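Being a predicted model, the structure only gives us computed values, none of them experimental. Computation of the quantities below employed the complete heavy-atom set of this structure, encompassing side-chain atoms and omitting hydrogens, waters and symmetry-equivalent molecules. Each chain gets a letter, A, B and so on, in the order the sequences are listed, and its residues count up from 1.
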Amino acid sequence: MTQIELSGVQKYFGAVQVIKDLNLKIDDNEFIVLLGQSGCGKTTTLRAIAGLETIDGGDILIDGKPVQHLKAADRDIAMVFQSFSLYPHMSVYENIAFPLRATRKSKAEIDQEVRSVAKTLQITDLLAKKPSALSGGDMQRVAIGRALVRRPKAMLMDEPIGALDAKLREEMRAEIKRLHIKQGSTSIYVTHDQIEAMSLADRIVIMHEGVLQQVGSPDDVYSHPANLFVAQFVGSPVMNVAEASVTEKASAASVTVGDAATGFEFPRALLSKLNGHAGGKLALGIRPEGVIVRHEAADGFLPVETQIVEPLGSFDIVDIKVGSRMLRARTKSGFVSGPGERVFARIDPAQAHFFDVASGRSLGVRL
Amino acid sequence: MAAVRTSSEIGFNRAAIVAVLVVTIIFLAPIYWIASTAFKPRNLATTIPPTVVFQPEISPFVKLFAKRSQLRSPPTPEEYAAAPWWERVVFNGGEKIVRDGKGEVQWSGYPSRFMNSLIVAITSTVLAVGMGTFTAYGFSRFRVKGEADLLFFILSTRMLPPVVVAIPMFLMYRAVGLNDSHLGLIILYTAFNLSFSVWLMKGFMDEIPKEYEEAALVDGYTRMEAFFKIVLPEAATGIAATAVFCFITAWNEYAFALIMTSRRAQTAPPFIPSQVGSGLPDWTVIAAGTFLFLLPVAIFTFLLRNHLLRGMSFGAIRK
């Protein structure tokens, strides 16, 4: 049972504040992914939890006890580094046994535990090798084995598969997930790769410039981004964001993108849900799959012209021109023959997001 | 992968090989001269032109280690027959080995000088490399206030030729009684090598990723344990390279040894040339002393050659 809580954590590097008042509660057995661009403070947060960085304010609590004054060695936390950090002068066996040798375990116990971890990770045949003789994926397995062997209170992982090539990354991602389900330890994982975050996390913590932006399940942050940053950071291809104005039109609402001549039809409920923000500066956010394109004219569909078509295998991303703005739509592959084609488009109200331009915050409209 | 080479490149390569051979021969010639003279009979040591082909003898080494005096009259046949082979060799040169009242063979000054050299060079190397390693680690891993200035200050101790401070050092040493003592020379050589050792080791320390120690810290070790279990083994190459350079400097040092020592703590470098002055110099004995003096550095360097090669190119390649 390990809970980790960050409460009002502050961290400065010189005059630069890299973590700004961070509050986060991590439950037992939870797999948390810290997601953000480089320099957003996610790695610093992780290192602070590990005890490799001091903090300038706030508390780090493990199982309710403040640990910010404890040394890394006394926190009973394991960490996997991006560079794997396998000790080059030791064999794989010695590397995995190393954390156990810091404890008062007998030789036989250590041997048994090393072999059991090696078996779990399927690296038993590598035990005699030196790290330099291993492939990237195997190095990573050994690094995870070294972290797991002590049965730490929590596992911290700093972009552990960032140094691997794409195919191996995918394999290792699945392996980390499998291992987490099997071993079940509180895990904190840092990455800038949103696909990794989405596929691994129980909850994703999105950070930007030292500030926590949103905490939520992968589905949550994807479907209900809390602000413009999250909306545009999570999801690939990126969400369309355009300034929009909302007006009342007959029995419905109309959302006009930029300077377009006509607006997209929305349910009337939008007006009440915008809660008085309708007159203010709004941004419409819509993921490419929320832009529906068809060849024939139909009710609620606006005539638009296609611009660029990007074939991505299983689907195409088609840029369509709405007024002077470009919206990216996701279509079946080959649906649009090429640029300059006249098609009809609609925005799926259920997938539309509205943001306040000034604060960037989501207005929480769900239709 | 074989790269394509033009004929001019091949020509250049051959010329380079020839140039390297020529330079190697130039550098090896004096060493050959010393080595061959050390095994020559005395009468062949100074012939003009030099004797290249000769029957090698061990007599210069016997004479090097034993205290000798001139024979006033040749030994009687009985004396000669009773003498062991190494004493006969000395008789053949018109000298005899000096024995004390109990008939024990007296050593020459060379063995004790050689031991002094070993004691001083090894101790000062261990101290300089040890302290340098710790200091370099501190500079490399922690934020030290005024780090750049301190490092510059450390380096600045090497900006003057050391002999400049020889006279004041001599006076200070005489005042505190460190003259002609092992400790005095050890302190001098350690101080002299320390700046070099700090700078060289700092380069090596900077190259060791700090994630290794961080991994050890998270794995439940203190920083001190992480230093000894992780950093030191990783720094072995750097330590070996630094040790070779420090050892060579301390081993070969001449000026301070000449000024600061006279008998008790005298090292081999000032002792060997001092023999030239006494009577008609026996060049084969001097050559034998020099030849033996060359061996420790050669052996030490040979043993650490793999580390040295890595050390030479360290930091040259951006990782």
Under 3.5 Å, what donor-acceptor pairs does chain A form with chain B?
from	atom 1	to	atom 2	distance (Å)
Arg47(A)	NH1	Glu214(B)	OE1	2.7
Arg47(A)	NH1	Glu214(B)	OE2	3.2
Arg47(A)	NH2	Glu214(B)	OE2	2.6
Ala73(A)	N	Leu217(B)	O	3.4
Tyr87(A)	OH	Ala216(B)	N	3.1
Tyr87(A)	OH	Asp219(B)	OD2	3.0
His89(A)	ND1	Glu234(B)	OE2	2.8
His89(A)	NE2	Lys229(B)	O	3.1
Phe98(A)	O	Tyr221(B)	OH	2.5
Ala102(A)	N	Tyr221(B)	OH	3.2
Arg150(A)	NH2	Val218(B)	O	3.1

Out of Val33(A), Val190(A), Leu35(A), Ile161(A), which residue meets the side-chain contact (heavy atoms from CB on, under 4.5 Å) rule with Glu196(A)? Ile161(A)
In terms of heavy-atom pairs under 4.5 Å with chain B, which of Pro152(A), Pro99(A), Ala50(A) leads? Pro99(A)
Assess whether ring-ring contact (aromatic ring centres under 6.0 Å, His included) is satisfied between Phe293(B) and Phe114(B), documenting all intermediate values. CA-CA 7 Å; Phe293(B) 182 73; Phe114(B) 193 87; 7.1 Å; no
Note, Leu200(A) side chain near Ile176(A) side chain (heavy atom, < 4.5 Å): yes
Around Phe13(A), counting heavy atoms of other residues, nucleotides and ligands shown, do more than 12 lie under 6.0 Å from its CZ? yes
With a sphere of 6.0 Å drawn around CZ of Phe302(B), does it hold more than 12 non-hydrogen atoms of other residues, nucleotides or ligands? no
Which region of Phe98(A), side chain (C-beta onward) or backbone (N, CA, C, O), has a non-hydrogen atom less than 4.5 Å from a non-hydrogen atom of chain B, or is it both or neither? both
Aromatic rings Phe227(B) and Phe134(B): how do their planes relate, parallel, tilted or perpendicular, breaks at 30° and 60°? parallel
Determine, for Asp165(A) against Arg169(A), whether the closest basic-nitrogen to carboxylate-oxygen distance falls under 4.0 angstrom. no
Beyond-backbone contact of Thr120(A) with Leu148(A), side-chain heavy atoms, under 4.5 angstrom: no
Can you say whether Ala236(B) sits under 4.5 Å from chain A via the side chain, the backbone, both, or neither, judging by heavy atoms? neither
Contact class of Leu86(A) relative to chain B, heavy atoms under 4.5 angstrom: backbone
